[in-house]
Each structure stands twice: as C-alpha cells, then as structure tokens.
Colleague: 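I'd like to ask some things about the structure below.
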Amino acid sequence: MGSITTSANQQSIGSFMPRYNPAEIEPKWQQYWETERTFRTPDMPQAEKLYVLDMFPYPSGSGLHVGHPEGYTATDIVCRFARMRGKTVLHPMGFDAFGLPAEEHAIKTNTPPRVSTEQNIAEFTRQLKMLGFSYDWERALATTDVGYFRWTQWIFTVLFDTWYDPEQQRGRAIAELPIPDDVTAQGAKAVADYRDARRLAYQDDALVNWCPALGTVLANEEVIDGKSERGDHPVQRMPLRQWMLRITAYAERLIGDLDGLDWSPGIKKLQCDWIGRSTGAEVDFFLGSTDEYLKWSAERVDIGFPTDAGSDVLRVYTTRPDTLYGATYMVVAPEHPLIEQLTVAGQREAVEKYRQAASFKSDRERTEDDAKKKTGVFTGSSAINPVSGKPIPIWVADYVLASYGTGAIMAVPAHDERDYEFAVQFDLPIITVVEPIAEPRTQLGTEPSGSSGKDKSATASEHAPGETTGQCFSGYGTAINSGQYDGTPTAQFKTLITESLATQGLGREAVNYKLRDWLFSRQRFWGEPFPILHELDRTGKATGAIRAVAAEDLPVNLPHLEDYKPHGRPEPPLGKAPDEWLYVELDGKRYRRETNTMPQWAGSCWYYLRFIDPHNDTVFCDPIKEKAWMPVDLYVGGAEHAVLHLLYARFWHKVLFDRGHVSMPEPFQKLVNQGMILGEVEYTGYQSAGKWVSTSNLRKDEDGQLITVDTRQPVESVVVDEADVTKKGDSFVLANDPSIRVDSRAHKMSKSRGNVVNPDQVVKEYGADSLRLYEMFMGPLEATKPWSMAGVNGVRNFLDRVWRLMVDYQAEHFELLPAVQDVAPTAEQNQVLHRTIAAVTHDIEMMSFNTAIARMMEFVNFFTKAEVRPKSAMADFVLLLAPFAPHLAEELWQLLGNSHSLAYQAWPVVDEAATKSAEVEVPIQINGKLRGRMVVPADCSKENLEKLALADPRTQELLEGKQIVKTIIVPGRLVNLVVK
RNA sequence: GCCAGAGUGGCGGAAUGGCAGACGCGCUGGACUCAAAAUCCAGUGUCCGCAAGGACGUGUGGGUUCGAGUCCCACCUCUGGUACCA
C-alpha cells in the first residue's frame with residue numbers, strides 16, 4: 001500500500017481540497033484487496049467457520065440489476081462483520097451459466113454460446129468487483145466450466161446408480177437391489193430392465209410439456225398457465241421418452257427434514273404445499289355385474305387388497321373415504337389405461353373423439369376456456385360401489401388428471417365442488433352423506449375472554465375446513481345416509497371405513513403427493529450432456545441397454561456444432577454431432593451417446609459443495625473439507641427460487657448423503673429471501689378523449705381493459721409528474737383539479753416500462769459505498785421496496801458527513817481535522833459510542849441493516865457537533881462502518897494511522913457500563929394518557945417513583961378532586977396513575 | 001377461489017404490550033455569502049389556540065388490558081404465489 005497521492009481530477013485549479021471522492025478511493029481499495037488477497041479463504045477453517053452463500057446469478061447479457069446487489073450486500077456485511085469477530089468465513093461467488101437465454105441469445109447474435117457466456121461472466125465479474133464484495137474470487141466457478149460439469153455428470157451417474165429402498169427410507173447402490181427369483185430366471189436382460197426401472201435416474205415415456213417455440217420439453221415447474229416460464233410460448237402435451245429423476249421417492253423426507261431448518265415458515269409452507277402430501281384411501285370398484293360382485297367380494301376377503309389393481313376393478317384414490325356412500329358415479333382421466341375396456345360399443349366413437357380432443361388440447365386451452373365448465377363423456381359401463389353394492393356409471397372427463405393418484409376418482413357430488421359441477425352439468429344423482437355441524441356461532445361480544453374464543457375457532461376450523469356452496473358441502477361434519485355409520489363424525493368415519501375396507505380386501509390407506517418425478521432432459525445444446533451410452537446392435541439400432549460413462553472417462557464434453565438451432569422437432573441438436581463424438585466403442589460393443597442435455601437446474605443443485613473445494617480434480621469435494629464447512633450457515637436469495645431450486649438441491653443433497661458422499665442430510669441451515677426492488681414511484685392519471693378521468697370512475701371490462709364507469713369509454717394512462725399531484729384524503733389527486741384521482745404506485749423494473757436502474761450509473765454518480773448503503777437503508781431486507789434516487793443521494797450525504805467528521809477538507813493535504821484528537825472521550829461521548837456499538841452489533845446479528853445505519857447516522861450527527869472528537873471513538877466508528885461502506889472505512893482507517901487493512905481488525909467491544917446513564921426521563925401517565933415527565937435516577941425504586949410522580953406539581957393539579965384507584969409503576973419506564 | 005405477506009406523516013421507513021413517527025428524503029426558517037451552490041443550526045403528524053396547553057391520530061369495526069401500531073375476533077384494500085391434485 002503506497003502513500004496516498006493527490007488525484008488530478010479532484011481539484012484541478014487552486015489549492016488541494018480533499019473531498020470524499022469514491023471514484024478514486026473505491027478502485028484503489030479493490031485493487032489492494034485483490035493484490036493482497038485479503039479475502040482468500042483457507043482450505044480448512046482456522047477458527048469457528050461461517051459459510052455464507054449468495055444464490056449465484058445467471059449471467060445475462062443485460063448485466064447486473066440493482067436487485068442483485070441487495071442480497072449480495074447483506075451477505076457481504078454479515079461476512080465482513082464475522083471476519084472482524086474472528087470467524088473463518090467462506091463467501092464464494094459463481095455463475096449459473098448454462099441454459100436457454102444464453103442459447104437463444106447465441107442463436108440471435110450468431111455467436112457460440114460459450115463465447116457469449118464468457119463475455120457475460122466477465123461483465124458480471126467486473127460489476128460485482130466494482131461493488132467491493134469480499135468474495136474469495138479464487139474460488140469462482142461457472143456451471144459451464146468443463147471442470148465443474150464433469151462432476152455434475154458424475155453426480156448424475158450416482159443418481160443412475162441408486163435405487164430407493166422404501167423399507168430403510170434411503171437411497172442405496174443399485175447393486176444392492178434385491179432381484180426377485182422370477183426375474184433372475186428370465187435372464188440378464190430382464191434383470192437389467194428390472195434395475196433400470198428402479199433407478200433414481202430413469203427413462204420413461206412421459207406425457208411431457210413440449211414447447212415447439214423453444215424446441216424443448218419443460219418440467220411442470222417451468223410451465224405457467226400453459227405457457228413456458230421463459231418466453232411465454234404455448235406448450236403442448238405429448239408422449240416422449242425422457243429422463244426422469246425420482247424425486248417423489250424423497251417426498252416424505254423433503255417435508256420432514258424442513259423441521260430442523262431455520263427458514264421462514266412461509267417458505268417451508270410453500271415447499272410443503274408444492275410437495276402436496278395428502279392421506280386417504282385407495283378403493284377398488286368392481287367392474288362387472290351385481291351377481292358377480294358377491295363372488296368377487298367374497299374372494300377379496302381371502303386374498304386381500306392386491307398391490308396391482310387388475311383389469312377387473314377400477315381403483316380410485318380418495319381423501320374422503322367417509323363419503324363413499326355418496327359416490328354416485330366415477331370418472332377416469334382421458335389417458336386412463338382401462339379406458340378401451342370400459343367403453344361400450346355404442347359410446348366408442350364419442351369417447352374416442354373426447355380423448356383425441358383432450359390430448360390435442362394444450363394445457364393452455366384446458367385452462368383458458370371457462371375452467372368452471374366441465375366436459376366429459378359417458379363410457380357406457382358401470383362399476384359397483386363397494387358399500388352399497390349398487391352399480392354407478394363411469395365417465396371420462398379431463399378434470400381428472402391421469403398423473404395424480406390412480407387417474408380415476410369416485411365422484412361425490414354432494415361434497416366435492418368439481419364433482420358437483422359435473423353432476424349438475426350432466427344431470428347425475430347427488431346424495432348428501434355429510435351433515436355440517438351447526439356452528440354454535442354465538443354473539444362474539446359475549447365471549448368471556450379472548451383465549452376461549454381462540455380455542456373455539458381453532459376447533460371449528462379443524463372440523464369444518466370446507467365451505468357450503470349451493471348444494472355442495474366439502475367440510476367435515478356428521479355422517480348421514482351412510483348405513484351403520486350414520487351419526488359418525490367425519491374424522492372418525494374415515495378411520496373406521498378405511499379399516500373396514502382393508503379387512504374386506506377392498507381398499508387400503510394411501511398417501512399421495514402432488515409432486516411429480518422431475519423431468520430432467522432437454523432437447524437443447526447449451527447444457528450438460530448426459531453421461532449415458534445406449535448400446536447398439538450390429539445394424540446400429542438401440543438394444544435398449546444403457547450404461548453410464550465411467551467416472552474416469554468424465555467429462556463428456558460438448559461437441560462443436562455448426563448448427564445447434566432448435567428445429568421444432570423433438571430430436572436434440574446433439575444428434576447432429578460428429579460421429580467421433582456420438583459413437584463410442586467399449587468392451588467390443590458399440591454405443592451411441594445420449595443426446596439430450598440436462599436442464600439449467602442441474603448445475604445449481606450442488607455448486608455450494610464445489611465452492612468448498614473448487615479445484616479438486618480427483619473428487620467433487622473432499623469429504624474432510626465438506627465436513628468442516630457444511631452446512632451453508634446463511635443462504636440469501638430471491639423468493640422466486642423458494643420452490644424449484646431449493647427443492648431440487650435438497651433432493652440431490654439427500655441422495656449424496658444416502659450414498660455417503662456428504663455428511664449431513666440438509667445443505668442450507670438458514671435461508672433468507674431478499675425482497676424485490678421496484679422502480680421509482682410513479683403517478684398515473686387516466687384520460688378519455690383527452691379529458692381527465694378519476695380512478696374512482698374506472699373499472700375493468702370483460703377483456704380486462706380499463707373503461708370509465710359512466711360512459712364505458714376506454715381510457716389511456718398518462719404519466720403525471722410528482723409536482724402536479726397532491727394528497728387528498730387517502731389518495732392522490734391532480735393539483736389543479738382535485739376531483740381527479742390518480743394512481744400512485746411503484747412497478748416492477750422492466751425494460752419495457754423504462755424504469756430499470758443501472759448499478760453502473762449509480763456507482764458512477766454516487767459510488768459503490770453509497771449504492772451498498774442505500775440498498776441496505778431502504779428498509780427491511782425481506783420487504784419489497786421502491787427505488788428512490790433521492791434516497792441514494794441521502795446516504796451519499798451521510799458518507800460525506802462521515803468524511804468531514806474526520807478529514808480536514810479545507811487543508812492543503814489529506815489529513816485529519818484538528819478536532820480529531822488523541823484524548824479520552826467525555827462520559828457522554830463514551831455513552832453515545834458504546835450505545836452505537838451495542839446497537840450496530842445487535843442489528844447486524846438480526847440482519848436489521850436499515851436500523852444499524854440509522855444508529856450510525858445518529859452517531860455522526862452527535863459527533864459533528866463536538867468541538868473535540870476523540871480519535872479512539874472515531875476509530876471504533878470506522879470499524880462499525882466498515883462492513884457497510886468498506887472502501888470509505890479503509891481510507892479513513894488508514895488516515896487514522898493504520899497501515900493494514902481493517903478487514904480482520906477486531907470488532908469494537910461494548911462497555912456495558914458506559915451505555916448506562918445515571919438519570920432517566922420517566923413519563924407520568926394519568927389513565928394511560930401522557931401528562932408529564934420527570935427526570936429521576938436510573939435505579940429509582942418503585943416507591944420513590946410513585947412519591948416523585950405524586951409530588952410533581954402538574955400531576956397534583958390534574959389529580960385535584962380525583963381519587964387514585966390504582967398505580968402501575970415500571971421502574972425506569974413509566975408511572976401510570978389510574979384515577980376516578 | 002385458495003395460500004402467504006403487508007397497510008403507520010407529503011415519501012422510504014422506526015418502535016421487548018409502556019413517551020407513536022427513530023433515521024433518511026422532502027419542505028420551512030435562520031447562519032455563512034455581494035449572490036448562489038455547498039455546508040452548518042433549528043423546525044416540521046393533523047386540528048384548535050397568541051401562548052401555556054388541549055383534542056384527535058398507526059386501513060375499518062369490535063374485544064382483552066391500568067395501558068394496544070404491537071395480542072384476539074370480524075371485515076376492507078394492496079402485493080406476491082397458486083390454480084380442477086380427488
């Protein structure tokens with residue numbers, strides 16, 4: 001670190017005036033940290049470890065957004081703070097660089113994806129470094145690095161090599177899978193197929209979401225409203241052979257293990273709901289005549305409930321077996337396997353037509369037309385209701401999903417909203433079998449206490465989670481029209497009938513999940529190739545046998561392709577790879593490589609492990625280092641990844657755990673979701689035919705268009721300048737016409753709206769420390785908040801004041817103000833200092849950065865007034881500021897006479913005694929209203945407080961003629977006199 | 001529809017059940033200046049009042065409490081998520 005030199009651009013004419021100039025000091029310190037390797041993390045923790053992780057960004061072509069530095073600044077503060085408290089901190093950064101946008105961009109600009117990806121990474125890196133984050137850049141990685149995706153591929157081979165043992169509730173090596181004797185007897189091919197069907201990574205002819213515009217299939221999670229999450233293109237359903245990951249095997253553990261995690265209840269619930277566990281029963285409905293039914297049911301008593309439903313029954317899943325007596329018809333999904341058998345000759349044409357229509361309907365179309373309007377066709381056949389012994393008709397309808405439960409339902413129109421609508425539509429019988437419990441909704445006002453009211457409502461909601469709508473009641477109640485069960489409460493009935501069905505061999509308890517297996521293959525170029533080989537016979541046809549590429553032969557690199565554009569057909573672009581890549585000979589056999597690639601999620605499933613040991617080329621992560629650094633102690637990122645990324649990563653981690661590659665079952669101990677940053681607040685007025693229309697005179701028409709209420713004319717929105725509006729009551733109105741209300745709202749930043757704030761611009765104008773500080777000062781980290789340039793200016797102003805607190809800005813040289821002296825602080829100064837230390841320390845621990853900054857502002861306001869500013873207090877303050885505004889802090893630290901970075905300087909210690917004051921001001925309340933204040937010794941006793949309060953002249957005046965009924969005294973806090 | 005979160009000055013926001021509005025922005029006044037900018041100092045919830053002081057005030061209505069922005073019940077509005085999962 002050289003001596004501080006005068007900058008030419010600081011003051012070109014006249015005497016040198018050392019102003020706060022972030023454009024000069026920020027690059028200087030970034031350079032220093034880099035050359036001194038200040039933030040390099042040792043291989044193993046040297047002290048208590050702290051692993052703080054940011055969700056790594058996707059390096060898009062548009063560069064960093066102001067939303068990125070929000071979470072990154074928060075974690076940077078936590079890390080810098082932790083280092084100063086002696087912890088060994090692991091704080092890495094990387095890039096999630098595979099995926100569709102890069103490929104789309106590459107196609108559009110005709111650059112290879114690797115080239116544009118590298119450019120984007122370079123740009124992101126520059127921007128991140130410009131903000132002064134204390135990452136250990138030597139650990140930086142990108143999911144597209146060959147040395148990285150080699151291990152992504154390796155983990156895939158682990159998934160391929162694993163089956164889930166439901167008894168032990170864990171994944172085990174495929175070699176340990178017990179093979180039934182009859183399978184063994186059928187030979188090696190049968191055994192291989194048996195294994196392949198049970199692997200965690202398996203191929204399946206799945207009904208997939210095919211997106212022609214993107215030229216790939218998408219996971220259910222990537223389809224929103226029947227359109228692709230990326231690009232908003234329509235998606236079709238079609239059957240295709242795809243790679244799937246058996247995440248459903250881990251559903252139970254993915255729910256259960258949430259318990260021990262320090263995540264917000266909201267996020268936990270989101271994951272829980274996504275997994276969607278429900279309990280109920282599977283019930284078999286006999287397909288045949290009433291006569292045969294007696295014989296069949298007698299047999300069932302002996303043989304019990306079979307694992308696989310035969311073709312003589314229609315198996316359904318229901319969460320309400322108690323409503324079995326009300327099941328008046330059945331519905332199968334259009335894709336149900338028994339449909340051919342169920343359809344009678346006369347209905348064949350109609351059913352076939354309906355099935356065709358349903359299969360060609362995209363999800364978009366299924367949801368677009370009135371979702372409430374049910375469609376369906378009668379199959380002509382019926383099944384026997386096992387409790388009544390009576391036949392009920394079987395219908396086909398697309399409101400039943402093939403992929404959930406058994407793909408068939410028993411319909412109870414009296415107690416299920418959807419069944420009810422369908423029954424009304426097609427005039428099917430409705431039998432009520434549950435009677436709502438008449439809620440004793442007594443007058444709430446007469447409740448004896450709040451707590452008993454709470455108990456009552458909890459019980460009520462537990463027993464009646466549904467609502468009565470028209471004729472349909474989906475809540476819990478008491479059974480009626482249910483034979484011997486009449487009068488039984490729903491919950492009890494469920495248990496009883498499930499047991500009864502089980503003993504009769506007609507049903508069994510069952511658990512279902514909304515979560516589906518993870519569709520893992522994509523028909524695109526820019527992703528990790530699958531490390532899988534398909535065996536070919538002599539004629540070059542696939543035999544169906546597959547094997548994984550051996551670990552020592554990894555990575556499978558991407559081949560060079562002249563043309564990797566999607567062509568709208570489901571054959572992956574890698575199919576056009578040169579033969580040298582595509583075909584492999586091993587052990588005298590010929591193989592063709594798998595040509596699908598992995599989805600973007602793959603790389604982000606384990607990057608946190610690679611950061612621990614990023615350059616290891618013998619193992620994905622050294623187990624000793626893994627054990628030392630894991631779990632991630634703090635993981636910060638946007639809530640948009642609350643479900644997908646976090647669920648996928650947890651799943652992979654559990655597989656690695658089961659197979660002994662990592663030491664703990666969960667990767668992310670504490671999770672914090674940063675809120676979204678919106679654009680500046682905008683005022684929007686509306687005009688119709690050039691005349692202003694008040695927002696109170698607006699409504700939406702059927703098409704969602706804004707029209708006026710009175711004339712029904714469409715309106716156009718007009719941006720109104722802040723100076724032209726004024727507040728009136730609860731809303732804003734035009735200043736020159738208060739009858740016209742306008743909208744006041746901040747919108748999501750978007751290119752089309754033109755309200756995107758560019759971090760480069762902010763840094764150029766105000767400096768990185770100001771940007772960091774502002775993003776933390778805006779409000780709570782987790783809240784959604786609007787941007788305000790005036791606010792940035794405000795924190796910049798604060799940093800200027802910090803500068804002038806210590807720097808002699810009128811001097812000829814860069815030097816301390818004469819006011820900064822080597823003297824002991826006064827008692828008052830010491831109190832302010834230590835209160836500030838205590839508050840800032842506490843607030844950082846709570847991640848309440850906005851209040852921490854407020855406390856530092858108070859410190860500066862106080863010491864700005866001081867004629868003499870003790871150097872020791874200034875030094876402590878600089879250390880407090882360092883995690884927030886590290887560049888400025890380093891500069892001042894140096895000015896205070898230190899020759900080394902403050903990055904590892906010990907955090908100031910609070911002197912508790914100094915924070916206390918001898919006297920406190922205590923309010924006097926009369927009947928809970930503030931009536932006066934008095935200054936008393938801090939340790940003033942209750943008795944003395946009362947005496948002093950009563951002696952107060954103003955109190956006496958107010959108490960005249962009144963009688964004191966009660967006195968509440970909280971020492972050091974308040975006195976409250978209750979009088980009559 | 002359902003689920004989650006949030007409603008506090010002109011604005012962003014603070015407040016272990018104990019003095020609502022910390023801190024910042026904005027605004028007003030003052031000092032400095034020939035003047036301006038910058039800076040520093042003071043004030044700034046609303047209403048009544050010359051003032052002292054008083055009344056009202058945390059989306060709405062109720063409740064618990066000596067005391068409620070905070071706890072309970074009901075409702076309204078906004079934001080985000082989700083969508084036939086039987």
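Since the model is a prediction, treat every value here as computed from it, not as a measurement. Residue numbers start from 1 in every chain, and the chains themselves are labelled A, B, ... in the order their sequence lines are given, proteins ahead of strands.
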Colleague: Take atom P in B:G29 and the same atom in B:A38, then report the distance between them in whole Å.
Modeller: 15 Å
Colleague: Output yes when at least one side-chain N/O atom of A:Asn861 is less than 4.0 Å from OP1 or OP2 of B:G24, else no.
Modeller: yes
Colleague: Under a 3.5 Å cut-off for both distances, is B:C75 Watson-Crick or wobble paired, and to whom?
Modeller: B:G59
Colleague: When we call it a touch if two heavy atoms are under 4.0 Å apart, what does A:Arg954 touch: a base, just sugar-phosphate, or nothing?
Modeller: sugar-phosphate
Colleague: What is the separation between atom CD1 on A:Ile409 and atom C1' on B:C84, rounded to the nearest whole Å?
Modeller: 10 Å
Colleague: So, is A:Asn797 close to the B:U39 phosphate, meaning a side-chain N or O under 4.0 Å from OP1 or OP2?
Modeller: yes
Colleague: Between B:G18, B:C25, B:C23, which nucleotide has the shortest distance from any of its atoms to the side chain of A:Gln925?
Modeller: B:G18
Colleague: Roughly how many Å apart are B:A83 and B:C2, using the C1' atom of each and rounding to a whole number?
Modeller: 8 Å
Colleague: So which nucleotide does B:A37 pair with, by the Watson-Crick or G-U wobble rule with both distances under 3.5 Å?
Modeller: none
Colleague: With a 3.5 Å cut-off and no angle check, do the side chains of A:Ser770 and A:Tyr20 form a donor-acceptor pair?
Modeller: no
Colleague: Does B:G24 pair with anything, Watson-Crick or G-U wobble, both distances under 3.5 Å, and if so, with which nucleotide?
Modeller: B:C11
Colleague: Contact class for A:Glu921 (heavy atom, under 4.0 Å): base, sugar-phosphate, or nothing?
Modeller: base
Colleague: Reading RNA chain B from 5' onward, which residue's closest nucleotide shows up sooner: A:Gly791 or A:Arg933?
Modeller: A:Arg933
Colleague: Looking at B:A14, I'd like to know if its phosphate oxygens (OP1 or OP2) sit under 4.0 Å from a side-chain N or O belonging to A:Arg855.
Modeller: no
Colleague: Considering only B:A86, B:G18, B:G12, which nucleotide approaches the side chain of A:Pro786 most closely?
Modeller: B:G12
Colleague: Measure the distance from CG on A:Asp398 to P on B:C84 and round it to the nearest whole Å.
Modeller: 11 Å
Colleague: Think A:Lys514 has a side-chain N or O under 4.0 angstrom from the OP1 or OP2 of B:C84?
Modeller: no
Colleague: With a 3.5 Å cut-off and just heavy-atom distances, do the side chain of A:Lys374 and the base of B:C84 make a donor-acceptor pair?
Modeller: yes
Colleague: Have a look at A:Lys727 and say if it touches a base, only the backbone sugar-phosphate, or nothing, with a 4.0 Å heavy-atom cut-off.
Modeller: sugar-phosphate
Colleague: For B:G61, does the O4'-C1'-N9-C4 or O4'-C1'-N1-C2 angle fall within 90° of 0, making it syn, or is it anti?
Modeller: anti
Colleague: In whole angstrom, give me the gap between the C1' atoms of B:G45 and B:G21.
Modeller: 8 Å
Colleague: Nearest to the side chain of A:Val978, heavy atoms from C-beta on, is which of B:C66, B:G54, B:G24?
Modeller: B:C66
Colleague: Any base atoms under 4.0 Å from A:Glu782, or only sugar-phosphate, or nothing? Heavy atoms, all strands.
Modeller: nothing
Colleague: Using a cut-off of 4.0 Å on non-hydrogen atoms, how would the nucleic acid contact of A:Pro265 be classed: base, sugar-phosphate, or nothing?
Modeller: nothing
Colleague: In the strands shown, is B:A86 matched to any nucleotide by a Watson-Crick or G-U wobble pair with both distances under 3.5 Å, and which?
Modeller: none
Colleague: When the P atoms of B:C25 and B:C40 are considered, how many whole Å apart are they?
Modeller: 10 Å
Colleague: The test is side-chain contact (heavy atoms from CB on, under 4.5 Å); show your working for A:Met410 and A:Val331 and say whether it passes.
Modeller: CA-CA 7 Å; A:Met410 63 175 210; A:Val331 184; over 6 Å; no
Colleague: Which whole-number value in Å describes the distance from A:Arg741 CZ to B:U77 C1'?
Modeller: 12 Å
Colleague: Which of the following nucleotides, B:U16, B:C40, B:A86, is nearest to the side chain of A:Tyr404?
Modeller: B:A86
Colleague: For residues A:Asn793 and A:Tyr774, is any side-chain donor paired with an opposing acceptor at under 3.5 Å?
Modeller: no
Colleague: Between B:C11 atom P and A:Phe732 atom CZ, what is the distance in whole Å?
Modeller: 5 Å
Colleague: Once the angle between the rings of A:Tyr325 and A:Phe493 is folded into 0 to 90°, is it parallel (under 30°), tilted (30 to 60°) or perpendicular (over 60°)?
Modeller: tilted
Colleague: Atom CG of A:Asp800 to atom P of B:C40: distance rounded to whole Å?
Modeller: 9 Å
Colleague: With nearest nucleotide decided by heavy atoms, which residue, A:Met410 or A:Asp273, maps closer to the 5′ end of RNA chain B?
Modeller: A:Asp273
Colleague: A:Ser278 and A:Tyr317: side-chain donor and acceptor closer than 3.5 Å?
Modeller: yes
Colleague: Quick one: sort the A:Phe422 and A:Phe426 rings into parallel, tilted or perpendicular, breaks at 30° and 60°.
Modeller: tilted
Colleague: Go through the structure and list residues passing side-chain contact (heavy atoms from CB on, under 4.5 Å) with A:Thr915, not counting sequence neighbours.
Modeller: A:His834, A:Arg835, A:Val910, A:Glu912
Colleague: State which of B:A86, B:G18, B:A15 makes the closest approach to the side chain of A:Thr851.
Modeller: B:A15
Colleague: Look at A:Ser278 and B:A86 and indicate whether a side-chain polar atom (N or O) is within less than 4.0 Å of OP1 or OP2.
Modeller: yes
Colleague: Is the phosphate of B:A86 approached by A:Tyr399 (side-chain N or O, under 4.0 Å from OP1 or OP2)?
Modeller: no
Colleague: For a quick test of reading the model: is some side-chain N or O of A:Asn850 closer than 4.0 Å to OP1 or OP2 of B:A14?
Modeller: yes
Colleague: When you measure from the side chain of A:Lys785, which nucleotide among B:G13, B:A14, B:A86 comes out closest?
Modeller: B:G13
Colleague: B:C56, B:A86, B:G67: which one has an atom nearest the side-chain heavy atoms of A:Leu401?
Modeller: B:A86
Colleague: Is A:Glu775 paired with A:Lys785 through a side-chain N to carboxylate O contact shorter than 4.0 Å?
Modeller: no
Colleague: Could you check whether A:Arg320 pairs with A:Asp322 (Lys NZ or Arg NE/NH1/NH2 to Asp/Glu carboxylate O, under 4.0 Å)?
Modeller: yes
Colleague: Taking only side-chain N and O atoms of A:Lys966, does any of them lie within less than 4.0 angstrom of OP1 or OP2 on B:C66?
Modeller: yes
Colleague: Measuring from the side chain of A:Asn976 (C-beta onward, heavy atoms only), which nucleotide among B:C40, B:G67, B:G81 has the closest atom?
Modeller: B:G67
Colleague: Can you confirm whether the side chains of A:Asp843 and A:Thr851 place a donor and an acceptor under 3.5 Å from each other?
Modeller: yes
Colleague: Applying a 4.0 Å non-hydrogen cut-off, can you work out what A:Thr319 is touching in the nucleic acid: base, sugar-phosphate, or nothing?
Modeller: sugar-phosphate
Colleague: In whole Å, what is the span from the NZ atom of A:Lys748 to the P atom of B:C78?
Modeller: 18 Å
Colleague: Would you mind classifying the nucleic acid contact of A:Arg801 as base, sugar-phosphate or nothing, using non-hydrogen atoms under 4.0 angstrom?
Modeller: sugar-phosphate
Colleague: Which one, B:U39, B:G18, B:C3, comes nearest to the side chain of A:Arg804?
Modeller: B:U39
Colleague: Now, which nucleotide makes the Watson-Crick or G-U wobble pair with B:C50, with each of the two distances under 3.5 Å?
Modeller: none
Colleague: Could you let me know what B:G18 is paired to, Watson-Crick or G-U wobble, both distances under 3.5 Å, or none if it's on its own?
Modeller: B:C66
Colleague: Check every strand shown and say whether A:Gly794 touches a base, only sugar-phosphate, or nothing at a heavy-atom separation below 4.0 Å.
Modeller: sugar-phosphate
Colleague: Send over the distance from A:Phe849 CZ to B:G12 P, rounded to a whole Å.
Modeller: 22 Å
Colleague: Rounded to whole angstroms, how far apart are CD on A:Gln425 and P on B:C84?
Modeller: 18 Å
Colleague: Nearest of B:A42, B:U79, B:G18 to any side-chain atom of A:Ile968?
Modeller: B:G18
